[in-house]
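Here's the structure, in structure tokens; my notes come after.
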Amino acid sequence: MYLVMDENAIRAAIFIQKWYRQHQARQEMRKRCNWQIFQNLEYASEQDQAELYKFFHELIKHMPQAAGTGNKSPTSTCTALLEESEALMEEVGDIVSTKVEIPIMKSHIDLLIDVFRKKRSNRLHPKYVVLILREAAKSLKEMPNLSMVSTAVSQQVTVCGDLHGKLDDLLVVLCKNGLPSTSNPYVFNGDFVDRGKKGLEVLLLLLSLYLAFPNAVFLNRGNHEDSVMNARYGFSREVERKYPRNYKRLLRLIDEVYRWLPLGSIINNRVLIVHGGFSDNTDLDLIKSIDRSKYVSILRPPLTEGQPLDKAEWQQIFDIMWSDPQSVPGCIPNTLRGAGVWFGPDTTEKFLERHRLSYMIRSHECKPNGHEFTHDNKVITIFSASNYYALGSNKGAYIRLNNQLVPRFVQYISAASQAKKLTFKQRVGIVESAALKELAVKMREYRDELETEFKKYDPDDKGYITISKWCYVMEKVTKLGLPWRLLREKLAPGTDSKSVNYFRTLDLLDTDVILEAEADGTSVMDALYANKTSLETIFNIIDADKSGEITLDEFEKAIDLLDAHMPGDTSKSEMLEKCRMMDLNGDGKVDLNEFLEAFRLSDIHRKQQQEADIRKRSTTRSSINQPPSDSVTKLANIISKNTLIIEQDIDPMDCESKIIEPTK
């Protein structure tokens, strides 16, 4: 009898263990799939921005007149902007009475933290924002390109990675690790803004810390300390939303801060800290000698009048801002981001040996646990924005190095109380819904192409194709490199195991929650027009005779050069016709105002056409087929509900943290 009971118990235990392992494997697969969606979408988006750099690079490389054109950055312009006393317009709304004075003291820091952490849209008076930005730019101007950090006095130093507008994470770090001081120095490794909702508060607080503790706070520039990136990823709109009457002047001052931010730091002459990485051509001696003030934007050509572009110098900065490590040897172009390089362990070994360094610390990549060792522990990635993609998606971390430069990691996740209120299923659902929402918004860019390709394999227009054909079309059109078979149930819900109803995929892209998310985003065209400096640079390059007007001959020469070195799908005749259409007053020439207006009108037409296509598809679907299925509507509702997060006052104690000791 006991033997039978023992056998039954063993069988039950084995069954439960098997079920649990399968469940854990499915959850891990979902987790990895969501992570791959987030990362591939992020890199695909940055690739769009990197195309602007490539475009400028080819223009400058093959158009001789570009040698004296571009971003003008004379010192006089910078000085005038920093010294001007232009009257600020009064803002409306919740302007707090907190007063900031120079020099900034610890008491000011405490007041700023108290103001910024409130859930209400409390804002400093714009004159104090200007004061902080102006004083920071003046002080940063005196810093070298590579800050030299020492632990001789402090016996330790703390390094933080990307914050991306996550004020709650910055306050967690300061609460757990203490405010900066001569005995507690910090290095903040770039990407302070974009994507998060409190990028301006993060930037102002970091600059105030730098001014209050100038020998204990070191700020490095990241690839998002760039006005072109800010126009695409939300920071420019954030500044405009918070200071609608003064945002233009504030953005100009923020550009001045960017141009003077150091490019990296070196601790005890042994540990290099840069935002991205390096290439096999990176030369720290050359980087130390660069006039970094020329690089208002890293994505636009850093040219001054009468001086040719030093492309090798430009590439040096691009590589340390945009590069990523890879596990295999070699140094190759980073095709995933579209900028910088992938550098292998052999490149790291040679670089560290050449510059007599022990290891390097970089950021630039979100990691599930907030940090990662690569290249035999000689490359450390640190990322300090927790909940980066969605609530519970990842942990943040910072590094504390002792006097022997041995790293110890502090790992944390902010808003821990919100996560604790959720069940495990809800936490997974929030991350998965956020991933699907971002993916669907990205897929809307290819909506018409997807429908065209699907119909090629559905001659009877029944709406069904095989799973393999569906996966093939999804990858062919989007080029996102995702596990489409795993995503099929989410992107084409309710279909059987042998075929896919692709109408449901298209219906999902046309649901209100996805359309609203798309409207909240910023397209490449939106960002390009919002950052008119890029358009002005393009105009000046094409305007070969510097007359202030572009003739049809100048357009034709530019088209010939671009077609030879950057071939596209549009024919020369079509391009010339578009050039003629820019001539709004019909005088045979295009001035700068006509050039900019053409882009604005084109963008308006594009958005109107999108709205018309949506209305047409909705009418066609209801008359020929059926309205979106219940499964599609249900999925859209789940995505909408699961992406809601309750806003509340930031409590830096509301976190979970763990110290991770170094392993041998």
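Nothing fancy with the numbering, it's 1 onward along the sequence. Excluded from the calculations below are hydrogen atoms, water molecules and symmetry mates; all remaining heavy atoms, backbone and side chain alike, are included.
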Q326 and C331: CA distance, side-chain angles, deciding distance, side chain to side chain contact (heavy atoms under 4.5 Å, CB included) verdict: CA-CA 9 Å; Q326 63 177 1; C331 184; over 6 Å; no
For the atom pair [atom1] ([X]) and [atom2] ([Y]), what is the distance rounded to the nearest 0.5 Å?
X: R504; Y: N501; atom1: CZ; atom2: CG; value: 5.0 Å
X: S393; Y: N34; atom1: OG; atom2: CG; value: 9.5 Å
X: C471; Y: L487; atom1: SG; atom2: CG; value: 9.0 Å
X: L486; Y: Q36; atom1: CG; atom2: CD; value: 9.0 Å
X: M321; Y: D191; atom1: CE; atom2: CG; value: 9.5 Å
X: L506; Y: F454; atom1: CG; atom2: CZ; value: 6.0 Å

Candidate list H164, E365, R362, test side-chain contact (heavy atoms from CB on, under 4.5 Å), partner F383, passing option: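 So the option named by the test is H164.
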Distance-only side-chain donor-acceptor flag, S227 / S297, under 3.5 Å: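 Their side chains do not contain a donor-acceptor pair, so the 3.5 Å distance test is not met.
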Is the closest side-chain heavy-atom distance between [X] and [Y] below 4.5 Å?
X: S384; Y: D162; result: no
X: W484; Y: I467; result: no
X: M443; Y: L491; result: yes
X: L450; Y: L509; result: yes
X: S323; Y: R337; result: no
X: T505; Y: W470; result: yes
X: D324; Y: V341; result: no

Do the side chains of [X] and [Y] get close enough for a salt bridge, i.e. N-O under 4.0 angstrom?
X: K437; Y: E432; result: no
X: E240; Y: R237; result: no
X: K197; Y: E238; result: no
X: K469; Y: D458; result: no
X: R447; Y: E451; result: yes
X: D194; Y: R232; result: no

Option from R195, K395, K367 for which side chain to side chain donor-acceptor pair (under 3.5 Å) with Y388 holds: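 That would be R195.
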Pair F343 and H375, ring centroids less than 6.0 Å apart: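 F343 vs H375: aromatic centres under 6.0 Å.
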Test applied, ring-ring contact (aromatic ring centres under 6.0 Å, His included); reference residue, H224; option that passes from F192, Y233, W322, F235: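 With H224 as partner, ring-ring contact (aromatic ring centres under 6.0 Å, His included) holds for just one option, Y233.
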Step-by-step side chain to side chain contact (heavy atoms under 4.5 Å, CB included) determination, L480 to L439: CA-CA 10 Å; L480 290 174; L439 177 57; 3.8 Å; yes
Y472 atom OH, over 12 foreign heavy atoms within 6.0 Å: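 Count not over threshold, so no.
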What's the shortest heavy-atom distance between [X] and [Y], and which atoms?
X: N40; Y: G481; value: ND2-O, 3.4 Å
X: H275; Y: G222; value: CG-CA, 3.6 Å
X: A492; Y: V500; value: CB-CG1, 3.5 Å
X: D226; Y: L299; value: OD2-N, 3.3 Å
X: G463; Y: F503; value: CA-CE1, 3.7 Å
X: G199; Y: V193; value: O-CG1, 3.5 Å

Ring geometry between H371 and F373 (parallel below 30°, tilted from 30 to 60°, perpendicular above 60°):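 Taking H371 first and then F373, their aromatic rings stand perpendicular (interplane angle over 60°).
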Step-by-step ring pair (Phe, Tyr, Trp, His ring centres under 6.0 Å) determination, W35 to Y389: CA-CA 9 Å; W35 191 262; Y389 296 121; 5.4 Å; yes
All salt bridge (charged side-chain N to carboxylate O under 4.0 Å, His left out) counterparts of K166, not counting sequence neighbours: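 D169.
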Audit row: N223, I298, side chain to side chain contact (heavy atoms under 4.5 Å, CB included) steps and yes/no: CA-CA 8 Å; N223 67 310; I298 299 168; 5.7 Å; no
Pairing residues for E438 by the side chain to side chain contact (heavy atoms under 4.5 Å, CB included) criterion, not counting sequence neighbours: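 Listed in chain order: F38, L41.
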Criterion salt bridge (charged side-chain N to carboxylate O under 4.0 Å, His left out) on D168 and K198, from CA distance to verdict: CA-CA 9 Å; D168 50 353; K198 290 185 174 287; over 6 Å; no
Residue pair N230, E225: steps toward the side chain to side chain contact (heavy atoms under 4.5 Å, CB included) verdict: CA-CA 8 Å; N230 296 163; E225 277 66 65; over 6 Å; no
